[in-house]
There are 2 protein chains.
Amino acid sequence: MKTADPELMRAINRFHVMDAIRRFGPISRVEISDRTQLSATTVSAITAALLDDGLIITQQLGGIRDAARGRPRVMLELNPAAAHVVGVKLALDQITVATTNFRADVLSSLVLPIRLQRQSVSVIADLVEDGIRRCVADAGLAMEQISGVCVGLPGVVERMAGVCRASPIFGERDVPFAAEMTDRLGGVVATIDSDVNLVTLAEHWFGQARGLDDFLVISVELGLGLGIMHNGELFRGANGLSPDLGDLMVRPPAGNGSTRLASAASEASLVAEAREILAGEEHEHAFRLGRGLEKILELAEKGEPRILALLERAGGALGFAIANLITLFAPPKVIMAGAALEAGDALVGPIRRTVAELLPPSLADVSDIVVHHWQDDIWARGAAAMTLRDLYGAPWNTTGPVVHR
Amino acid sequence: MKTADPELMRAINRFHVMDAIRRFGPISRVEISDRTQLSATTVSAITAALLDDGLIITQQLGGIRDAARGRPRVMLELNPAAAHVVGVKLALDQITVATTNFRADVLSSLVLPIRLQRQSVSVIADLVEDGIRRCVADAGLAMEQISGVCVGLPGVVERMAGVCRASPIFGERDVPFAAEMTDRLGGVVATIDSDVNLVTLAEHWFGQARGLDDFLVISVELGLGLGIMHNGELFRGANGLSPDLGDLMVRPPAGNGSTRLASAASEASLVAEAREILAGEEHEHAFRLGRGLEKILELAEKGEPRILALLERAGGALGFAIANLITLFAPPKVIMAGAALEAGDALVGPIRRTVAELLPPSLADVSDIVVHHWQDDIWARGAAAMTLRDLYGAPWNTTGPVVHR
DNA sequence: TCGTTTAATAAACAATGCGGATTAAATCTG
DNA sequence: CAGATTTAATCCGCATTGTTTATTAAACGA
């Protein structure tokens, strides 16, 4: 915590006002005053400044005058045109880009189905740059109108430094991808973050965890992602790195070697193991085409016992890790997502059973585990939210390296 | 975060000044100004108020006038007599009590070697009350001079509510022990907390983690304790409970059933397993006398292979859990303590090896694992620190239910 | 003794939040 | 339809705070 001066005081209260408008807008000044415990005078002063800066606007159409007497309330809301940002999600098999306004509404988006593996950093950066420029043009905007870009990618990302420590996307380690992109975009600042953190923020702002200050997000994609919201803040390890779920161990080194969760329950490991199990059978074709997961889901649907056993094992491993995470964080909600979870109860069932079995009695009922089917744009909306947060971010713990204005 | 007003501003800055004096005192006003980034005027005003309230004093003896010209600095330090608090540690086999002054110096302490198991809550409260009154008297103080009492105990404790959710000490669950003690002490407010949290705070204030904002504390006693310092704050789960290390799982439910860490590596489980291993041999006597751990350490020293194997297994389980914790929190330091660790490398060696083996390469060198041999009074000093912290606690996240003044 | 140097405080100033009075804009009432 | 009533928003004066710029305090050196 920084030392306090009048400026910080104003920054804190301005944040609270902005937050109330974002979460509950359109909202009147009196209601902001109620919700934030700030005096009406202060709210008036702050909203006046925000209106002046163009960050918020008054809603012209009176809204619901529900038979109330007295002077009508003037409703305030975020000015969608106050800023525009671009969110990018890198996955092993595609790039997703979206342009959003200040309310994180998606104005335009595009998906580039490109295998990024084995591409050099600069080639990837080229692709991302092209995607951003096209997406911005699609939204009818010029690059000069973009206030920031955030790129989400799987792996270990150090947001502050703008460096990707390790990712399946890059062959190298310690790739300074934020600087790489900022250079190319000519004046527009780019930041990077772990992809799960983006979706965690998106869940917090618009998704199943609206207003929930503590929850976990677990994404089962090619790799495994873990996002932690704790006390309303994204949780990062001491070094600023977000923890990597795939690095968690699920089996002690008892003779036959230890197991990382990534090699027990990720989409990649599931496909690899299924391929081995089904080797030489008629299904092999699907795996060659890269349609391994679809095949797994199909066979699970049909009740193929070896696939069900595989999913049972994977679910057990995931459930083991989730139970330990619940033991540590005691979150009221755990949100899971990923294509592999579409296998109905074949994977989710074992997860739930294992968690229920392993949780200590005292924590038996604290966590609600839900599966969320993410739309393709949630990542980008999260990236947008991450950038927007910097524009009116909580002043008490500096969130990032962004140097807008 | 609360909304900001001038009062909060002052509270924040007063905290920073107090914190600087506590950590670096005796310290001059200019140096406080340097360290806190506050203006000299502000520091002057705040220290004047603190002097007025008697919380700090000026050091009379000039100190080291190291050949400097100019007006000499007036050194400020905490006023030891500003407040007195009592810290209590409950363990299964003894009660430790200590009275400290405002600097958390121990003025008097006593140890009551009593088996608390199977005692009723009110009997335990009686014992604690007697211990507190005697210890306060030993320090030459009256109960009226005591500003607060903090009781640390193993298990799951909800500090805010003052309720012990579960503990090996109490047969019952949800024991409102803080209220129980406050009632008995006639006006002196008692709080409770997990015992590891107390020692974690003590390590932060006086121990091996002075000034370190991120570290883990792992205590191997009869039960297993986990304390987490994250960003300079004690980490608590979403429900305000501290996580219980013993509840972490170390083996997935693969056929032969799952294993909780508590049943693999706690002192209790070590002794039980060793007793089984050595059943019918000449060592059995020691276990009957409750000297099981000493016997284990003795045999480990001698190189008894079955005991070494047992410790190897326990170390593997602990290392497994620690590796996962490091993966999540990436703390630069992990402090371990407990009588079982006195077995030289027999237990610590396997722990280190397992951690090294299981950590992902990217985290290989971030954490320094050390063993700390705690004095008996560190718990009490931590309890004192916990109470003192409330007297000049960080105002931005309310720390507890204490209502002093 | 007087100048120099450094520490600590005092005075003037600007920013902030708050409470009470005031204005604004609608409905209600007769 | 005009004035009373009600509620929202703002204006004004005040207290508190931190900072900058002077001023005083307390030592040493020549």
Side-chain angles (χ1 to χ4, degrees), chain A residues 1-17 20-21 25-52 56-76 395-396, chain B residues 1-17 20-21 25-52 56-76 395-396:
Chain A
M1 182 76 192
K2 297 193 309 240
T3 58
D5 57 16
E7 201 178 325
L8 177 73
M9 201 159 93
R10 210 8 165 345
I12 291 172
N13 289 336
R14 184 173 41 224
F15 167 75
H16 282 121
V17 170
I21 295 174
I27 184 177
S28 65
R29 292 176 176 81
V30 265
E31 204 183 337
I32 297 173
S33 174
D34 277 354
R35 287 192 182 279
T36 60
Q37 310 279 24
L38 290 166
S39 76
T41 307
T42 303
V43 171
S44 228
I46 290 175
T47 53
L50 293 174
L51 282 166
D52 204 49
I56 62 174
I57 53 176
T58 62
Q59 201 184 44
Q60 290 310 346
L61 303 179
I64 319 101
R65 295 276 300 117
D66 46 347
R69 312 212 313 175
R71 177 175 175 176
R73 306 176 168 191
V74 177
M75 305 307 263
L76 304 170
W396 49 86
Chain B
M1 183 73 192
K2 298 194 307 240
T3 58
D5 57 17
E7 200 179 326
L8 176 73
M9 202 159 92
R10 210 0 148 23
I12 291 173
N13 290 335
R14 183 173 43 222
F15 167 75
H16 281 123
V17 170
I21 296 173
I27 184 176
S28 66
R29 291 178 177 81
V30 266
E31 204 184 335
I32 297 173
S33 173
D34 278 354
R35 286 190 182 278
T36 60
Q37 311 278 23
L38 290 166
S39 76
T41 306
T42 303
V43 172
S44 228
I46 291 175
T47 53
L50 293 174
L51 282 165
D52 203 51
I56 63 174
I57 52 176
T58 63
Q59 201 183 45
Q60 292 308 345
L61 305 179
I64 319 101
R65 292 275 302 118
D66 46 346
R69 313 211 312 172
R71 177 175 174 176
R73 307 177 166 191
V74 177
M75 305 306 262
L76 304 170
W396 50 85

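Since the structure is predicted, the reported quantities are computational estimates derived from the model, not experimental observations. Chain A is the first sequence line, chain B the second, and so forth, proteins listed ahead of strands; every chain is numbered from 1.
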Checking A:Thr41 now: which residues fulfil side chain to side chain contact (heavy atoms under 4.5 Å, CB included) with it, not counting sequence neighbours?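 Applying side chain to side chain contact (heavy atoms under 4.5 Å, CB included) to A:Thr41 gives A:Ser39.
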List the residues meeting side chain to side chain contact (heavy atoms under 4.5 Å, CB included) with A:Pro26, not counting sequence neighbours, and say none if there are none.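 Result, side chain to side chain contact (heavy atoms under 4.5 Å, CB included) vs A:Pro26: A:Gln59, A:Met75, A:Glu77.
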Pairwise distance NZ(A:Lys2) to CD(B:Gln37) - rounded to 0.5 angstrom: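 With rounding to 0.5 Å, NZ (A:Lys2) is 11.5 Å from CD (B:Gln37).
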Using 0.5 Å steps for rounding, measure from the CD1 atom of A:Ile27 to the CD1 atom of A:Ile32.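 Spacing of CD1 (A:Ile27) from CD1 (A:Ile32) equals 5.0 Å.
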Smallest separation among heavy atoms of A:Leu38 and A:Ser33, with atom names: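 So the two residues come closest at O-OG, 2.7 Å.
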Start with the C-alpha distance between A:Thr42 and B:Asp5, add both sets of side-chain angles, then the distance that settles side-chain contact (heavy atoms from CB on, under 4.5 Å), and finish with yes or no. CA-CA 10 Å; A:Thr42 303; B:Asp5 57 17; over 6 Å; no
Please confirm whether the backbone N or O of B:Thr3 pairs with a side-chain atom of A:Asn13, one donor and one acceptor, at under 3.5 Å?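 No, because the side chain of A:Asn13 does not come within donor-acceptor range (under 3.5 Å) of the backbone of B:Thr3.
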Starting at CZ of B:Arg73 and ending at P of D:dA27, how long is that distance when rounded to a whole Å?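 After rounding, the gap between these two atoms is 15 Å.
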Atom CG of B:Leu8 to atom P of C:dA15: distance rounded to whole Å?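 B:Leu8 atom CG is separated from C:dA15 atom P by 21 Å.
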Would you give a per-nucleotide map of nucleotides 17-23 of chain D, 5' to 3', where B means the base has a protein non-hydrogen atom under 4.0 Å away, S means only the sugar-phosphate does, and - means neither? SSBB---
Not counting sequence neighbours, list each pair that qualifies as a salt bridge (charged side-chain N to carboxylate O under 4.0 Å, His left out) and has a residue in residues 25-36 of chain B.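 Sorted pair list: B:Glu31-B:Arg35.
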Base, sugar-phosphate alone, or nothing: which one does A:Val74 contact when heavy atoms must sit under 4.0 Å apart?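 Here A:Val74 touches the backbone only, sparing every base.
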Sorted by number, the residues of residues 26-35 of chain B with heavy-atom contact under 4.0 Å to DNA chain C: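 Close to the strand are B:Arg29, B:Val30.
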Can you find a donor-acceptor pair, distance only, under 3.5 Å between A:Arg71 side chain and C:dA25 base?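 No such pair is found, so the answer is no.
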